[in-house]
Amino acid sequence: MTNILVILISAVLAWPRTRLDHTRLRFPCSRNLLVWRRQLFHCQIKVVGNDMIANFSLLRGLRTRCQRRNRIKGLRSDVTGFVLPTVCIVILFLTFQAYVFTELMLVENIASVAAGKSRVAMSLSDSGIEYVASKITADQKGPAYAFNLDEWHGSMLSKRGRNYGEFEIFCRRGFGSQWASGVSDEARKLNLNELPRDMEHALEARRMLLCFPLVTPRLADAILDWIDEDEEPRPFGAESSYYSSLSGNGGARNQPLNHLDDLLGVRGMTRKILYGADERSGWTGKPMSVGTENELAGRITQPSSNRKDLCLEDFWTVYGGESFFTPKGERKILVNNPDLALLFDNLARKYGEEVATYVVAYRLYGPLDKSSLPADNFLVDEAEETRRRGERQSGSQENGLSVLTPDSDVTRGVLKIGSEGDFQIRSVYDLIGVPVQLPKENNFQKLSSPWKSTADAYREVVPDLQAGFSFYNATPIIVKVNVNLAPVEVLNAIPGMEDGLAARVVKMRSRLGQGSTDARSPRNARVSFSIDWLRSEGVMTMEQLRTYAPYLTVRGNAFRFISRGRSLPSGQVFSQQIVLDAREFPAQVAFSLPESRRIFGAE
C-alpha cells in the first residue's frame with residue numbers, strides 16, 4: 001500500500017503544466033504526453049521493485065525533462081492543473097479503502113458463519129451428553145452398554161422437518177482400537193480409589209494390583225504409597241522422602257486420584273506401561289473401525305496372554321463408586337446404618353413394619369444359623385490388625401467413649417434397640433430365605449424372611465432390593481466390579497477370589513451371549529439385569545455368592561463415551577470425551593475433554 005501511495009503522490013508532482021488561452025484549456029502536445037505517460041508507466045514498474053526515495057527522484061527527473069521540452073517548443077506553463085489529478089487520487093484512495101473494508105467484512109462474515117455452525121455442532125454434542133444422562137438415569141436396572149446404533153443417535157429437526165444436525169454416542173469396546181455405539185461402563189475396570197489404603201489390608205491391596213500385567217511388587221507398593229494418607233512406606237514402596245530426594249519440591253500425592261495421568265508421578269510408572277506403545281490414552285486416538293458382535297465379545301473374554309499392546313488403562317479407572325440414590329432420585333435405604341431406630345423408621349415407611357422388624361432384628365441378632373455367615377477370606381496383616389485394634393480401643397477408653405452406645409429407652413415394635421448392631425448385611429443374599437431368632441425376652445421367637453428363596457423370587461427380588469437398598473460399608477474393602485463386562489484380570493482382583501473362579505465366570509458369560517449387539521435378547525438378558533445368573537447357571541454356590549456378592553454388580557455408576565455433534569448440511573463436527581458420574585442425582589459430568597479431530601471419517 002505504501003508503494004501505491006508513493007506512485008500517486010509522485011504522479012501529482014510530475015504532472016505537466018498547461019497553458020490557458022482565451023477559449024479553451026490546452027494541454028501539451030499529444031505526442032510528448034504519450035511519451036511522458038509511457039515513461040511514467042515504465043517508472044511505475046520500477047517503483048514496485050526499488051526503494052521509495054529513488055523512485056520519487058526518478059519521477060521528479062521525468063517532470064523536469066518534460067518541462068524543458070515544453071520550453072524549447074515555446075509552450076507556457078503559467079497555470080497548473082491540480083484539481084483533476086487530486087480528485088482522481090482521492091477517488092482511488094477511497095476505492096482502495098472500500099475494497100479493504102469489503103474484504104474485512106467478507107472475512108468477518110465467513111468467521112461468524114463458521115462460528116455459528118461450530119456452536120450448532122457443540123450444542124448437538126451437549127445434547128448427546130444430556131441424552132445419555134437421561135437414558136442411564138431413567139432405568140438403572142437395564143443395561144447401559146447396548147450396541148444398537150438407533151438407541152445412541154439423535155437428530156434436531158425444525159418445525160418444517162428440516163434436519164439441522166445430529167449427535168452420535170461412541171465408546172471404546174474391549175481392548176485395542178475397537179469402537180461401537182453406546183457407552184462404556186467404568187465398573188468393568190478396577191477403581192484404584194477403592195483400594196484399601198490402610199496397613200491392615202496392605203497384603204490384599206498388593207495382591208489385587210499384582211493380578212494385572214506389567215505390575216511388579218515394587219510398582220504395586222509404590223502406587224499404594226502414592227494414594228494413601230500416611231507417610232509410612234511399604235516394604236517395596238516409596239513415600240515423600242524418596243520423591244523429595246529427587247526434586248526439592250517433590251512428594252507423594254497422598255490422596256485419591258483425579259485422573260490416570262496422576263499415576264505418572266509414581267516411581268517406576270511410565271506412559272508406555274500406562275497407555276501402551278503410543279504413550280497416549282486410547283480414547284484420544286482416532287477410531288479405526290466399529291467391531292462386530294463376535295469381535296467385541298472375543299476381545300472382552302480374550303485372556304491377556306493373547307492380546308497385543310497391553311496397557312494398564314484397559315484395566316484401571318478412577319471413576320465410579322457407591323451410589324446412594326434410586327433411579328427416581330430418592331435416597332436409598334442404608335441397611336448398615338448404625339442408627340437402628342432411624343433404619344427401622346425408614347424401612348417401615350417404605351416397605352412396612354414386617355420388613356423393618358426383620359431387617360433390624362438381623363442387624364441385632366444375626367441369622368439363625370451363624371455358620372452360614374460368609375467370611376472375608378482375603379489377606380490380612382494380622383499383626384498390624386491387632387496393633388490398630390488396640391490403638392482404637394485405648395483411644396476410646398481415654399476419651400470416655402464406648403464401642404456400643406446402649407439406649408434402653410428406644411423400642412420399635414417388639415424390638416429393644418440398645419446398640420448399633422453386631423451384624424452387617426453384606427448383600428441381598430443375606431436376607432432372602434434366611435430366618436432370624438429373637439432373644440429370650442421375646443421367647444426366642446423365630447422371624448421368617450419376607451423374601452422367599454425360590455427361583456422366581458431370586459429373579460424378581462434381587463434387582464428390586466439392589467435398586468432400593470445400599471449395603472455400603474458392609475465389608476472392610478469396598479470394591480464394585482461389573483461381572484457382565486469385567487475381564488479375567490479384574491475379576492481375579494476381587495478380594496479373596498478363588499483360583500479359577502474368574503475364568504469360569506467369563507467362560508459361562510460368553511456361552512450365555514454376553515456381548516451381543518442386542519442387549520434385549522433373551523439370552524443376553526439372562527446376564528444383564530442381575531448377578532443371580534451366577535447362581536442359576538451353577539457358576540457359584542450360594543456360599544460363594546454370599547461371599548463375593550458385595551463386590552459384584554451388573555451396572556456401575558460411571559460411564560465414559562464420546563459425544564459427537566454434526567451440523568447439517570455444512571458437516572461441521574464437534575466431539576467431546578465425557579465421563580458421566582451417576583452416583584448423584586441427576587448425573588454429573590466428572591470429566592470432559594473436547595476433541596479437535598473428527599472421528600469415523602466425518603467430513
Taking the side chain from [X] and the backbone from [Y], do they hold a donor-acceptor pair closer than 3.5 Å?
| X | Y | value |
| --- | --- | --- |
| Ser125 | Ala121 | no |
| Arg509 | Ala486 | yes |
| Asn336 | Ile425 | yes |
| Ser134 | Glu130 | yes |
| Lys480 | Pro550 | yes |
| Ser240 | Gly251 | no |
| Arg363 | Pro338 | no |
| Gln544 | Thr541 | yes |
| Arg197 | Glu229 | no |
| Arg271 | Glu279 | yes |

Do [X] and [Y] make a side-chain contact, defined as non-hydrogen atoms from C-beta onward lying under 4.5 Å apart?
| X | Y | answer |
| --- | --- | --- |
| Ser184 | Phe561 | no |
| Leu373 | Asp430 | no |
| Asp228 | Arg234 | yes |
| Tyr243 | Arg267 | yes |
| Leu552 | Leu534 | yes |
| Ile477 | Glu204 | yes |
| Phe236 | Thr216 | no |
| Leu219 | Met269 | yes |

Side-chain H-bond candidate by donor/acceptor type, [X] with [Y], under 3.5 Å:
| X | Y | result |
| --- | --- | --- |
| Glu186 | Asn557 | no |
| Ser592 | Gln577 | no |
| Trp226 | Asn254 | no |
| Asp262 | His259 | no |

Within this structure, what is the [atom1]-[atom2] distance for the pair [X] and [Y], rounded to the nearest 0.5 Å?
| X | Y | atom1 | atom2 | result |
| --- | --- | --- | --- | --- |
| Leu310 | Lys272 | CG | NZ | 12.0 Å |
| Cys311 | Leu274 | SG | CG | 7.5 Å |
| Asn258 | Tyr319 | CG | OH | 7.5 Å |
| Glu537 | Leu512 | CD | CG | 4.5 Å |
| Lys189 | Leu312 | NZ | CG | 11.0 Å |
| Thr547 | Met497 | OG1 | CE | 10.0 Å |

Ignoring hydrogens, what is the shortest heavy-atom contact between [X] and [Y]? Give both atom names and the distance.
| X | Y | value |
| --- | --- | --- |
| Tyr429 | Ala549 | CD1-CB, 4.0 Å |
| Leu190 | Ala493 | CD2-CB, 4.4 Å |
| Tyr551 | Pro495 | CE2-CG, 3.8 Å |
| Leu210 | Pro217 | CD2-N, 3.5 Å |
| Ala220 | Arg206 | CB-CG, 4.1 Å |
| Leu263 | Ile223 | CD2-CG2, 4.1 Å |

### Task
Output all residues satisfying ring pair (Phe, Tyr, Trp, His ring centres under 6.0 Å) with Tyr242, sequence neighbours left out; order by chain, then residue number.
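Tyr242 satisfies ring pair (Phe, Tyr, Trp, His ring centres under 6.0 Å) with no residue once adjacent residues are dropped.
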
### Message
Assess the residue pair Leu501 and Met540 against the criterion (side chain to side chain contact (heavy atoms under 4.5 Å, CB included)); give the C-alpha distance rounded to whole Å, side-chain angles, the decisive distance to 0.1 Å, and a yes or no.
### Response
CA-CA 8 Å; Leu501 185 56; Met540 292 185 183; 3.8 Å; yes

### Task
Compute the centroid of each ring, for Tyr275 and then for Trp283, and state whether the two points are separated by less than 6.0 Å.
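When the ring centroids of Tyr275 and Trp283 are compared, they turn out to be at least 6.0 Å apart.
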
### Message
Check for me whether the distance between the ring centres of Tyr131 and Phe167 falls short of 6.0 Å.
### Response
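For Tyr131 and Phe167, the ring centres are under 6.0 Å apart.
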
#### Entry: side chain to side chain donor-acceptor pair (under 3.5 Å) between Glu313 and Ser281, worked out
CA-CA 7 Å; Glu313 183 191 25; Ser281 173; 2.4 Å; yes

### Qualifying salt bridge (charged side-chain N to carboxylate O under 4.0 Å, His left out) pairs with a residue from residues 211-220, counting only residues at least two apart or across chains
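Found none.
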
#### Entry: Mutual orientation of the aromatic rings belonging to Tyr362 and Phe423 [parallel < 30°, tilted 30-60°, perpendicular > 60°]
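Plane angle over 60°, so perpendicular.
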
### Query
Should the ring pair Trp316 and Phe212 be called parallel, tilted or perpendicular, given that the plane angle runs from 0 to 90° and is split at 30 and 60?
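Trp316 and Phe212: perpendicular rings.
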
### Task
Could you tell me whether Arg555 and Asp185 make a salt bridge, using a distance below 4.0 angstrom between a side-chain N and a carboxylate O?
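Between Asp185 and Arg555 there is no salt bridge, as every charged N stays at least 4.0 Å from the carboxylate O atoms.
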
### Query
Stepwise, does the side chain to side chain contact (heavy atoms under 4.5 Å, CB included) test hold for Val579 with Phe559?
CA-CA 5 Å; Val579 176; Phe559 303 91; over 6 Å; no

### Task
Inspect the surroundings of CZ in Phe324 and state if more than 12 heavy atoms from other residues, nucleotides or ligands are less than 6.0 Å away.
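Correct, the count exceeds 12.
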
### Query
What do you reckon, is CD of Glu543 surrounded by more than 12 foreign heavy atoms closer than 6.0 Å?
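No, the 6.0 Å shell around CD holds no more than 12 heavy atoms from other groups.
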
### Task
Let me see the working for Asp314 and Arg172 under salt bridge (charged side-chain N to carboxylate O under 4.0 Å, His left out), right down to the final yes or no.
CA-CA 10 Å; Asp314 294 330; Arg172 290 185 66 202; 3.4 Å; yes

### Task
Let me see the working for Ile333 and Leu347 under side chain to side chain contact (heavy atoms under 4.5 Å, CB included), right down to the final yes or no.
CA-CA 7 Å; Ile333 297 178; Leu347 289 169; 3.8 Å; yes

### Task
For side chain to side chain contact (heavy atoms under 4.5 Å, CB included), just list the numbers for Phe574 and Arg566, CA-CA rounded to whole Å, side-chain angles, deciding distance to a tenth of an Å, and then say yes or no.
CA-CA 7 Å; Phe574 182 83; Arg566 181 173 60 184; over 6 Å; no

